[in-house]
Amino acid sequence: QVQLVESGGGLVQPGGSLRLSCAASGSIFSIYTMGWYRQAPGKQRELVATITSGTITNYANSVKGRFTISRDNAKNTVYLQMNSLQPEDTAVYYCNANLKRISGQIYNYWGQGTQVTVSS
């Protein structure tokens, strides 16, 4: 089995910061791309940021300049540093990983999600 476990969500005031973490574990051979997506009530799930195994990053326009995605390959972990948070950033944030299992099969996995609430 492969599991993605997120942490770091919570309540923060506008202008504040949070750092999300997502650790992958299990029978993993290699991880290609990891990323963060978010979904607010009544909204479709949207891409926030992705990072490849070569550390090439991609960001949604709404978070460019405020969020930073990074990864630690030795720990199979991806991070999302969120600065200058605004109420519109409120959502459930989901970790995603595209990876190759030891079996040789390639899968796309999702974490359970972590709530981020930006409010005064």
Side-chain angles (χ1 to χ4, degrees):
Q1 291 186 340
V2 170
Q3 296 183 70
L4 302 181
V5 181
E6 302 106 328
S7 63
L11 175 65
V12 66
Q13 294 183 342
S17 298
L18 284 174
R19 182 176 173 85
L20 305 183
S21 299
C22 173
S25 62
S27 56
I28 300 168
F29 181 80
S30 63
I31 302 177
Y32 298 120
T33 302
M34 303 187 79
W36 292 94
Y37 295 73
R38 67 186 182 186
Q39 187 168 22
K43 302 283 188 177
Q44 294 185 351
R45 185 174 297 186
E46 65 176 355
L47 181 148
V48 177
T50 60
I51 183 167
T52 70
S53 59
T55 67
I56 297 173
T57 58
N58 180 51
Y59 296 93
N61 289 333
S62 59
V63 306
K64 286 183 178 178
R66 299 189 298 123
F67 292 8
T68 301
I69 189 171
S70 61
R71 63 191 287 171
D72 185 337
N73 292 330
K75 297 181 179 179
N76 285 339
T77 299
V78 63
Y79 306 94
L80 185 68
Q81 179 66 47
M82 304 184 293
N83 298 326
S84 301
L85 284 163
Q86 300 299 315
E88 52 264 38
D89 296 315
T90 296
V92 177
Y93 284 70
Y94 296 92
C95 177
N96 175 266
N98 187 39
L99 57 83
K100 186 176 184 178
R101 298 280 298 276
I102 292 176
S103 65
Q105 295 175 300
I106 299 173
Y107 291 97
N108 185 259
Y109 290 93
W110 291 93
Q112 293 297 308
T114 184
Q115 178 71 49
V116 172
T117 302
V118 185
S119 176
S120 59

Is Leu20 reachable from Val5 through a run of hydrophobic residues whose side-chain heavy atoms are each under 4.5 Å from the next?
-> no

How about Asn98 and Thr33: does a side-chain donor come under 3.5 Å of a side-chain acceptor?
-> no

How would you list all residue pairs meeting salt bridge (Lys or Arg N to Asp or Glu O under 4.0 Å) that involve residues 87-97, not counting sequence neighbours?
-> Arg38-Asp89, Arg66-Asp89

Apply side chain to side chain contact (heavy atoms under 4.5 Å, CB included) to Lys100 and list each qualifying residue two or more places apart in sequence or on a separate chain.
-> Phe29, Ser30, Tyr32, Ile106

Worked verdict on Ile28 versus Ile31 for side-chain contact (heavy atoms from CB on, under 4.5 Å) | CA-CA 7 Å; Ile28 300 168; Ile31 302 177; 3.8 Å; yes

Is there a side-chain contact (heavy atoms from CB on, under 4.5 Å) between Leu11 and Ser119 once you walk through the steps?
-> CA-CA 7 Å; Leu11 175 65; Ser119 176; 4.2 Å; yes

Between atom [atom1] of [X] and atom [atom2] of [Y], what is the distance when rounded to the nearest 0.5 Å?
{"X": "Arg19", "Y": "Asn83", "atom1": "CZ", "atom2": "CG", "value": "10.0 Å"}
{"X": "Met34", "Y": "Tyr109", "atom1": "CE", "atom2": "OH", "value": "12.5 Å"}
{"X": "Ser53", "Y": "Asn73", "atom1": "OG", "atom2": "CG", "value": "7.5 Å"}
{"X": "Glu6", "Y": "Leu80", "atom1": "CD", "atom2": "CG", "value": "11.5 Å"}
{"X": "Leu99", "Y": "Gln105", "atom1": "CG", "atom2": "CD", "value": "11.5 Å"}
{"X": "Ser62", "Y": "Gln86", "atom1": "OG", "atom2": "CD", "value": "11.5 Å"}

Apply side-chain contact (heavy atoms from CB on, under 4.5 Å) to the pair Phe67 and Val48, showing each step before the final yes or no.
-> CA-CA 9 Å; Phe67 292 8; Val48 177; 3.7 Å; yes

Per side chain to side chain contact (heavy atoms under 4.5 Å, CB included), Trp36 is matched among Ile69, Val63, Thr50, Ile51 by Ile69

Which atom pair, heavy atoms only, marks the closest approach of [X] to [Y]?
{"X": "Leu18", "Y": "Gly8", "answer": "CD2-O, 3.8 Å"}
{"X": "Leu4", "Y": "Ala24", "answer": "CD2-CB, 3.3 Å"}
{"X": "Gln115", "Y": "Ala91", "answer": "NE2-O, 3.4 Å"}

CA sep, side-chain torsions, deciding dist, call: Tyr79, Gln81, side chain to side chain donor-acceptor pair (under 3.5 Å) = CA-CA 6 Å; Tyr79 306 94; Gln81 179 66 47; over 6 Å; no

Give the other cluster members for Leu47, using side-chain heavy-atom distances under 4.5 Å between Ile, Leu, Val, Met, Phe, Trp and Tyr residues; answer none if it is isolated.
-> Tyr37, Val92, Tyr94, Trp110

May I ask you to test the Tyr93-Met82 pair for a side-chain heavy-atom distance under 4.5 Å?
-> yes

Check: Gln13 and Val118 side chains under 4.5 Å, non-hydrogen atoms | no

Could you walk me through whether Arg71 and Thr77 pass the side-chain contact (heavy atoms from CB on, under 4.5 Å) check?
-> CA-CA 6 Å; Arg71 63 191 287 171; Thr77 299; over 6 Å; no

How about Gln39: does its CD atom have over 12 heavy atoms from other parts shown lying under 6.0 Å from it?
-> yes

